[in-house]
Amino acid sequence: MKPSGEWGTGLKRKSIFSRRQSGDLFTRTRMQLTLFNSVIITGFLVVFILLALFIVYKTVLYDQERELKGLAEHETKELQEAGAHRRGDPRGEERLSILSENQVFYYILDSDGEPLQTNEIYPNLRDTFLDKLSDWKPDERQIRQDSIDVTENEGYEDFDLRVLMLSQPITSQGEVVGRMYIGLDISSFYRLFKWILFVFGALAVLFITLGVWLSHLMSKRALVPIQQSYRRQQEFVADASHELRTPLSVILSSVEALEMGDEESDPFTRKMVKGLKAEVKRMNRLIGDLLTLARSDDEGKARLVLKKEEFDFTPDAEKILQTFDRMARDKSITLSLESSRELPIHGDRDKLIQLLYILLDNSIKYTPEGGRVILACRIDQNASGRTFILSVQDTGIGIGKEDQLRIFDRFYRVDKARTRKEGGHGLGLSIAKWIVEGHEGVISVQSESGGGSEFRVVIPLPPERPMSFFY
């Protein structure tokens, strides 16, 4: 069980979580639809952008590789015309190699890796280029990319050089006597590609923002007919419940009159009248709960229902315990109160009494004979302020972990057969949650199957004021 100190210090965080959970139904639905549509639109947009970037990258890179292969074929043809393969000497006749546009270097190395013919646009980088080539072991013709970080120490300004390199063997009489290496500067292509990435990223952010806005607009419009239908249903439930209260009150009065006037009737008739009276009372409670929940659906009306005042909660708690005393004695349940003599709180008195009635009724119903129910009330003072803590602990049948997430939902019952037997209809805890959240508080449960339950309510209180209203 969680220590009481943690409940006070964690009130703010739990209150925020509770208010988020209790937000308007349609607002949450609209946000979920907006999120779903936004994820779909964003997914398609991201896939499109990645596909477009991939196509652009591969297309431009293919053009660069084709240009590099064209340079290699041209140089090979020049070597053959110059007799470079004669007598196994890859150097052949000395000739001047003119570098084409964007060409970084042109090297011919013998079988031992010694340079026979060299030319580059960055003479100071020759050793750097040759080091890169010495670690490269190409098979036949091969193309690869490499980046070179040029610094001021090498006689140039700092810049990144991206080179597309090709290696092609030089053969004589079927034997490899050397290799030709050609390097092409593709730095401008990478700079252009980075700008394309930036532009596509900016467009993606713009279109994603537009997509989220359109998704929100479409989800809002899509929910309009559903909201109208829901409002009509809500009005019908409230009106029908209100109209049913009068005839049920008449029926109950008539049954009570029959019960008082038929003392000499046979046992079967008395049993039928008693059963009818119990069912009419049950219907009255159900209609009252439906009216309460109908009002709670409208947050503006819910706030108007709460009439907060300063009062002492201890006398009310004692009176409610007396109300349940007979019900507890019928099941041999020990009912006790743990509270200080005075509990000055600020809230809606009627609603908090209704809250306590619901929690005690729930605990006694689901506690077997010979059990125990403890009502504990106190006020905690800590750095975050004053809080009213109400706890109802029992030794009942308990609630499983999987059911604890839903017990505050309307009409949800853990054991439907047992709930029906006990006369419950699954609305009490929903009303209790609405009352607590109306006071900006938190209601929670700690339980396990067969191990009893503890319902704990934490409600923030305003700063303490003089208690003159008690005298």
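Computed from a predicted model, the values in this text were never measured in an experiment.
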Across all chains, not counting sequence neighbours, the ring pair (Phe, Tyr, Trp, His ring centres under 6.0 Å) partners of F198 are W195
Considering residues at least two apart in sequence or located in another chain, which fulfil the salt bridge (Lys or Arg N to Asp or Glu O under 4.0 Å) criterion with D185? none
Got a list of side-chain donor-acceptor pairs under 3.5 Å for residues 210-218, not counting sequence neighbours?
| unit_1 | atom_1 | unit_2 | atom_2 | d |
| --- | --- | --- | --- | --- |
| S215 | OG | G211 | O | 2.7 |

I'd like to know if the side chain of K331 reaches the main chain of G370, judged simply by a donor and an acceptor atom lying under 3.5 Å from each other, with no hydrogens or angles considered. no
Listed by chain and number, what are the side-chain contact (heavy atoms from CB on, under 4.5 Å) partners of N102, not counting sequence neighbours? L184
For residues G371 and T395, report the shortest heavy-atom separation together with the two atoms involved. CA-OG1, 3.4 Å
For the residue pair Y62 and Y57, confirm or rule out a side-chain donor-acceptor distance under 3.5 Å. no
Which atom of F311 lies closest to which atom of D348, heavy atoms considered: CE2-C, 4.5 Å
Which residues pass the side-chain hydrogen bond (donor to acceptor under 3.5 Å, both in side chains) test with D325, not counting sequence neighbours? R329
In this structure, are over 12 heavy atoms from other groups packed under 6.0 Å from M327 atom CE? yes
Are any side-chain N or O atoms of S187 and backbone N or O atoms of R162, one a donor and one an acceptor, separated by less than 3.5 Å? yes
Kindly write out the residues that satisfy side-chain hydrogen bond (donor to acceptor under 3.5 Å, both in side chains) with D316, not counting sequence neighbours, or none if the list is empty. R349
Heavy-atom donor-acceptor pair, N382 side chain to G385 backbone, under 3.5 Å: yes
Would you please name every residue forming a salt bridge (Lys or Arg N to Asp or Glu O under 4.0 Å) with R144, sequence neighbours left out? D146
Between K351 and V436 (side chain of the first, backbone of the second, donor and acceptor by atom type, cut-off under 3.5 Å), is there such a pair? no
Considering only distance and modelled atom types, tabulate donor-acceptor pairs under 3.5 Å from the side chains of residues 36-49, sequence neighbours left out.
| unit_1 | atom_1 | unit_2 | atom_2 | d |
| --- | --- | --- | --- | --- |
| N37 | ND2 | L33 | O | 3.2 |
| S38 | OG | T34 | O | 2.6 |
| T42 | OG1 | S38 | O | 2.7 |

By the salt bridge (Lys or Arg N to Asp or Glu O under 4.0 Å) test, which pairs, at least two apart or in different chains, include something from residues 45-60? none
Of the options P344, C377, P460, which is the one that meets F388 in a side chain to side chain contact (heavy atoms under 4.5 Å, CB included)? C377
By side-chain hydrogen bond (donor to acceptor under 3.5 Å, both in side chains) - contacts of R341 (at least two apart): none
If you look at every heavy atom in T367 and R372, which pair is closest and at what distance? CG2-N, 4.0 Å
Would you give the length of the straight line joining atom NZ of K319 to atom CG of L356, rounded to the nearest 0.5 angstrom? 13.0 Å
Could you work out, with salt bridge (Lys or Arg N to Asp or Glu O under 4.0 Å) as the rule, every residue matching R221, not counting sequence neighbours? none
Under 3.5 Å, is there a donor-acceptor pair between the side chain of S447 and the main chain of G452? yes
Modelled atom types, side-chain donor and acceptor of E454 and S391, under 3.5 Å: yes
If we ignore hydrogens and angles and just use 3.5 Å, is the side chain of H346 paired with the main-chain N or O of K308 as donor and acceptor? no
Which atom pair, heavy atoms only, marks the closest approach of P368 to I397? CD-N, 4.5 Å
For D312 and L343, indicate whether the former's side chain and the latter's backbone hold a donor-acceptor pair under 3.5 Å. yes
I443 and F408: which non-hydrogen atoms are nearest, and at how many Å? CD1-CE2, 3.6 Å
Listed partners of E318 passing side-chain contact (heavy atoms from CB on, under 4.5 Å), at least two apart: T314, L337
